[in-house]
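Structure first, then comments.
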Amino acid sequence: MAKRELSIIHEKLAYTIEEAAELLSLSRTQLYRLIEVEELPTVKVGKSRRITFAQLESFVRKLEQENGFVRL
């Protein structure tokens with residue numbers, strides 16, 4: 001997948017696995033592992049899986065809390 005402007009991607013409500021992996025700077029394999037162990041929820045749209053912006057944001061906030069990240 002070609003690199004895109006983040007401002008374009010952030011306008012979406014749901015992302016493909018590839019787009020979500022790019023946003024999180026993870027490989028597709030790593031993302032699928034997180035989905036498999038239910039660390040990152042997904043929604044099904046027909047036969048496809050998507051990850052909503054809210055799910056991505058919640059996942060990152062959870063990681064921040066687990067790692068003692070403090071927002072200023």
Side-chain angles (χ1 to χ4, degrees):
M1 180 169 123
K3 293 279 183 186
R4 296 184 186 169
E5 295 277 336
L6 287 181
S7 61
I8 293 172
I9 293 177
H10 284 297
E11 292 177 5
K12 298 172 88 173
L13 294 176
Y15 304 94
T16 64
I17 299 301
E18 292 80 9
E19 290 169 333
E22 184 178 327
L23 283 171
L24 295 171
S25 299
L26 298 173
S27 69
R28 278 185 32 191
T29 302
Q30 289 173 307
L31 200 66
Y32 276 114
R33 284 186 187 132
L34 290 170
I35 293 166
E36 186 177 306
V37 297
E38 299 180 357
E39 288 284 322
L40 181 60
T42 63
V43 294
K44 287 210 61 167
V45 179
K47 293 183 179 183
S48 301
R49 291 213 170 270
R50 296 290 184 265
I51 302 172
T52 66
F53 179 78
Q55 289 167 319
L56 285 172
E57 188 174 45
S58 176
F59 173 73
V60 171
R61 289 194 190 282
K62 179 182 168 198
L63 290 176
E64 289 174 343
Q65 289 176 348
E66 290 173 357
N67 291 293
F69 183 79
V70 178
R71 287 190 178 268
L72 300 177

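Quick note: residue numbers are just sequence positions, from 1.
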Quick one: [atom1] on [X] to [atom2] on [Y], what's the gap to the nearest 0.5 Å?
X	Y	atom1	atom2	value
Q30	S25	CD	OG	10.0 Å
F59	E64	CZ	CD	11.0 Å
Y32	L26	OH	CG	13.5 Å
E22	L31	CD	CG	12.0 Å
K12	E19	NZ	CD	3.0 Å

Exercise: identify the closest heavy-atom pair between A20 and I51: CB-CD1, 3.7 Å

Intermediate values then yes/no, side-chain contact (heavy atoms from CB on, under 4.5 Å), L13 and T52: CA-CA 6 Å; L13 294 176; T52 66; over 6 Å; no

Extract all donor-acceptor atom pairs below 3.5 Å that involve side chains of residues 37-44 and protein atoms in other chains or at least two apart in sequence.
residue : atom : partner : partner atom : Å
E39     : OE1  : K62     : NZ           : 3.2
T42     : OG1  : R49     : NH1          : 2.8

For S58, all residues meeting side-chain hydrogen bond (donor to acceptor under 3.5 Å, both in side chains), sequence neighbours excluded: none

Step-by-step side-chain contact (heavy atoms from CB on, under 4.5 Å) determination, L34 to L24: CA-CA 12 Å; L34 290 170; L24 295 171; 5.6 Å; no

